[in-house]
2 protein chains.
Amino acid sequence: MTQPRPAGQHTVRRHNSALVVGAIADSPGISRAGVAARTGLTKATVSSLVDRAIAANLVVDGEPARREGPGRRGTALSLSPAGPHGLGVEIGVDYIATCLVDLTGSVASRRIRPVDNRSQPANRVLVKVARAIRTAVAELPARVGGVGVAVPGLVDSSSGFLRTAPNLGWRDVDVRAELRDRTDLGDSAIMVGNEANFAALGELWGGGHEDLRDFVHVSGEIGIGAGIVMDGVLFEGVRGFGGEIGHLPVDSKGPRCSCGARGCLEAMAGQDAILRQAGVPDVDTLVLRLEANDRKAISAARSVAKWLGTALSNVVNLLDVPTIVLGGTYARLEPWLHELLLDELNLRVVSAAWSRVQVLRSTLGTEAAVRGAASAAVRAIVADPDPFITASVG
Amino acid sequence: MTQPRPAGQHTVRRHNSALVVGAIADSPGISRAGVAARTGLTKATVSSLVDRAIAANLVVDGEPARREGPGRRGTALSLSPAGPHGLGVEIGVDYIATCLVDLTGSVASRRIRPVDNRSQPANRVLVKVARAIRTAVAELPARVGGVGVAVPGLVDSSSGFLRTAPNLGWRDVDVRAELRDRTDLGDSAIMVGNEANFAALGELWGGGHEDLRDFVHVSGEIGIGAGIVMDGVLFEGVRGFGGEIGHLPVDSKGPRCSCGARGCLEAMAGQDAILRQAGVPDVDTLVLRLEANDRKAISAARSVAKWLGTALSNVVNLLDVPTIVLGGTYARLEPWLHELLLDELNLRVVSAAWSRVQVLRSTLGTEAAVRGAASAAVRAIVADPDPFITASVG
DNA sequence: CAGATAAGTTTAGGCATCGAACTATTAACG
DNA sequence: CGTTAATAGTTCGATGCCTAAACTTATCTG
């Protein structure tokens with residue numbers, strides 16, 4: 001729990017800076033006068049704050065915008081693509097991915113390195129992650145303003161402490177501290193979070209879906225994770241546990257899962273289970289078979305849709321979140337899952353009678369998590385730009 | 001969604017007033033110097049803010065406290081029992097209850113009027129509710145600073161709009177506006193909320209449970225509702241839908257429910273279902289039979305525990321909330337439900353293996369909702385005292 | 001080119017906090 | 001009983017950020 005801090009003038013400026021930068025982020029090309037009207041601040045205040053933001057390289061003012069009718073034209077303000085960037089890092093089971101996003105949300109660069117992280121202890125892997133971060137930072141002709149680290153495990157997001165990552169075999173790793181020690185990120189924020197949660201955020205901010213503010217993003221790679229977004233905000237749960245649906249029990253007669261229980265969703269509808277049931281070695285082959293209408297593959301998809309629907313209907317019933325976004329491996333299988341999953345949901349969801357459940361396909365696929373991590377870092381800058389402004393202006 | 005407002009000096013004072021009053025609420029008897037140390041504000045600022053709070057009748061300073069060692073003794077500050085009160089109102093199916101709570105959390109008065117609200121249209125009932133409010137206000141030798149209204153239905157808490165209350169037969173009633181029109185509450189805040197949610201808050205603040213910050217409070221009267229508290233904060237869900245567990249499907253072969261679906265929890269474990277199954281006319285008789293070890297009654301309790309456990313295990317699995325508090329009618333049946341419910345939960349909850357689920361009995365019982373509503377009003381004053389201070393001082 | 005309209009800047013003033021000095025109260029010690 | 005040290009609380013000038021209002025700059029219209 002964060003201790004409440006006393007407020008002073010600096011708090012006011014911090015708040016208003018966020019307001020101004022936020023307004024510019026929301027509607028690029030807006031003028032100082034426009035920002036003033038939007039935020040309720042006076043033109044004088046906006047001018048002063050914008051000047052500081054420009055000096056800090058967060059904002060640039062461009063050409064005067066054309067306008068109708070008389071009056072001076074306002075200068076178009078927008079977030080600076082040369083300002084601080086957000087760095088996203090994903091520690092996958094068999095790869096390390098990085099991604100740089102500028103303040104406007106554009107991807108500046110990205111990179112994936114295949115690494116088998118399963119066979120190695122945590123600190124060995126973190127050395128490689130640190131190297132990947134240093135490379136990304138070195139290549140960027142701008143400053144890195146924050147880092148998001150996506151991890152396939154349970155994270156206490158406030159401390160950055162990774163409690164357990166079964167598929168990596170990690171337990172109790174202080175990812176944030178380790179990475180800070182091994183890099184020269186200065187005092188940049190390092191946000192460590194669950195890979196499924198970051199993926200949901202990636203889809204929220206970069207998925208191109210209009211008005212999508214309440215949804216469950218299901219990402220199935222090795223494990224099954226869900227990121228739940230409600231009113232545009234990630235739902236974290238009690239101890240960062242929100243959306244841990246991989247081990248919801250769906251079939252009491254199902255096979256034993258690695259967690260010890262029986263018939264967990266992961267054991268019934270995880271990637272391994274699908275592939276085994278379809279009798280194929282990998283997802284590429286599975287997709288080919290599905291396209292060829294192979295009976296076993298189709299039946300595997302049907303089974304996955306059924307179990308996913310069972311588990312997700314609980315989520316929908318309990319949280320009243322009306323949309324499911326299929327991500328990760330499920331995004332590739334979406335055409336074959338869509339209808340069956342929808343049927344299952346409509347059958348089991350109480351509110352389905354008066355408001356239909358929706359199933360969408362992720363547009364970012366397996367890249368959602370890195371993108372989300374990078375975007376989260378960028379959003380943090382925009383949401384509280386004052387530290388950057390003060391550091392650069394004084 | 002609340003529009004972000006620009007900050008100014010007044011915002012600073014408002015924030016710091018809340019800090020100061022909050023510190024006094026958290027540790028009554030604290031001195032000005034103590035508040036300064038706790039909040040990080042200077043003694044000068046604290047003095048000034050405390051003086052204003054005293055002038056507004058929110059805070060009183062008492063006798064100098066005894067201290068060890070040398071030095072002047074600080075004056076003991078505490079919230080004023082004569083300051084503004086919170087008024088809780090509960091619109092039940094067959095009663096209207098009111099309750100006044102002072103700033104310290106003590107109940108100043110309460111009253112229950114039996115009324116059959118089922119047979120009457122909403123505006124007729126609201127006239128009676130308004131009368132009950134006026135009576136409570138008139139009897140109080142202090143000011144009412146806010147009102148909480150608990151309603152057995154789905155409420156959009158930001159607008160105070162009641163969407164539907166099946167057990168009252170109400171639809172789309174603007175409870176807040178209706179009550180404001182029919183009373184002279186001035187500009188006091190009127191918070192309209194779901195009865196189960198307020199009950200959970202009542203238990204959180206007035207239940208006397210130590211360190212209980214994450215729990216599900218299940219209240220069964222006519223319907224079944226749950227209030228979910230996570231990290232000491234009510235979980236509201238997407239459209240005030242959080243904790244609407246009454247219509248979770250628990251038995252696909254169960255009887256048809258009033259909502260149209262089959263085997264809803266409410267149809268399986270609601271009060272009506274229990275009484276029918278036990279073959280008794282009311283809860284009092286049921287308790288007598290249970291005490292006499294009546295076979296049918298025991299079997300009804302067993303069945304309730306099973307269905308409740310089925311539904312609640314979903315909640316626990318999904319939200320990782322480790323504690324169930326049995327309220328309302330269930331509180332009276334707790335001795336006979338406890339063990340069976342716990343068994344069912346331990347069977348179905350994934351995390352049960354490493355962290356045990358806990359089942360508690362509500363200490364406020366059927367009074368939890370009014371108490372919660374009144375306390376919510378009080379908490380709102382303490383959380384943002386500035387409007388009261390400014391109004392009274394200028 | 002005059003008039004109207006809007007963007008952006010300058011300047012004086014208000015206000016809440018802070019820091020530091022100051023007063024008030026109390027225990028301990030000789 | 002008086003002195004000293006420690007702590008509580010107050011007073012007062014300085015600081016910083018915002019606001020209001022006047023002012024400058026830029027653009028369109030007739």
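Naming convention: chains lettered A, B, ... in sequence-line order (proteins, then strands); numbering from 1 in each chain. Treat the numbers as computed from the prediction; the structure is a model and nothing was measured.
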Side chain of B/Thr45 only, please: which of C/dT17, C/dA7, D/dT10 is the nearest?
-> C/dT17
Give the rounded distance in Å between these two atoms: CZ of B/Arg13 and P of C/dT17.
-> 8 Å
When the distance from CZ of A/Arg32 to P of D/dT24 is rounded to whole Å, what number comes out?
-> 20 Å
Base, sugar-phosphate, or nothing: which does B/Ala44 touch, judged by heavy atoms less than 4.0 Å apart?
-> base
Looking only at side chains, do B/Thr75 and B/Arg32 share a donor and an acceptor under 3.5 Å apart?
-> yes
In whole angstrom, what separates A/Leu19's CG from D/dC17's C1'?
-> 15 Å
Between B/Asp51 (CG) and D/dA8 (P), how many Å, whole number?
-> 17 Å
Which pair of non-hydrogen atoms, one from B/Pro81 and one from B/His85, has the smallest distance, and what is that distance?
-> O-CE1, 3.2 Å
Could you tell me whether the phosphate oxygens of C/dT17, OP1 or OP2, come under 4.0 Å of any side-chain nitrogen or oxygen in B/Asn16?
-> yes
Is there a side-chain contact between B/Arg213 and B/Asp211 (heavy atoms, below 4.5 Å)?
-> no
B/Leu58 and B/Leu79: side-chain contact (heavy atoms from CB on, under 4.5 Å), yes or no, with the steps?
-> CA-CA 6 Å; B/Leu58 293 176; B/Leu79 294 184; 5.6 Å; no
Which comes earlier along DNA chain D counting from the 5' end, the contact point of A/Gly40 or that of B/Ser48, where each point is its nearest nucleotide?
-> B/Ser48
B/Arg5 CZ - D/dT19 P separation (whole Å) | 12 Å
Check: B/Arg14 and B/Thr390 side chains under 4.5 Å, non-hydrogen atoms | no
Figure out the CD/P separation between A/Glu68 and C/dA6, and round it to whole Å.
-> 12 Å
For A/Ser31, report the nucleic acid contact type (base, sugar-phosphate, nothing); a contact means any heavy atom under 4.0 Å.
-> sugar-phosphate
d(CZ, A/Arg52; C1', C/dT9) in whole Å = 17 Å
Can a side chain N or O of A/Thr42 be found less than 4.0 Å away from OP1 or OP2 on D/dA20?
-> no
How many Å lie between NE2 on A/His10 and P on C/dC15, as a whole number?
-> 20 Å
Contacts of A/Pro64 and B/Lys43 projected onto DNA chain D by closest heavy atom; the upstream (5') one is B/Lys43
The correct set of residues in residues 69-84 of chain B placing a heavy atom under 4.0 Å from DNA chain C is B/Gly69, B/Pro70, B/Gly71, B/Arg72, B/Arg73
Under 3.5 Å, is there an N or O donor on one side and an acceptor on the other linking the side chain of B/Gln9 and the base of C/dC15?
-> yes
Using a cut-off of less than 4.0 Å, is there contact between a side-chain N or O of B/Arg67 and OP1 or OP2 of D/dA8?
-> yes
Do the non-hydrogen side-chain atoms of A/Pro6 and B/Leu19 ever get within less than 4.5 Å of each other?
-> yes
With no hydrogens and no angle check, is any side-chain donor or acceptor of B/Arg379 less than 3.5 Å from a backbone partner on B/Ala374?
-> no
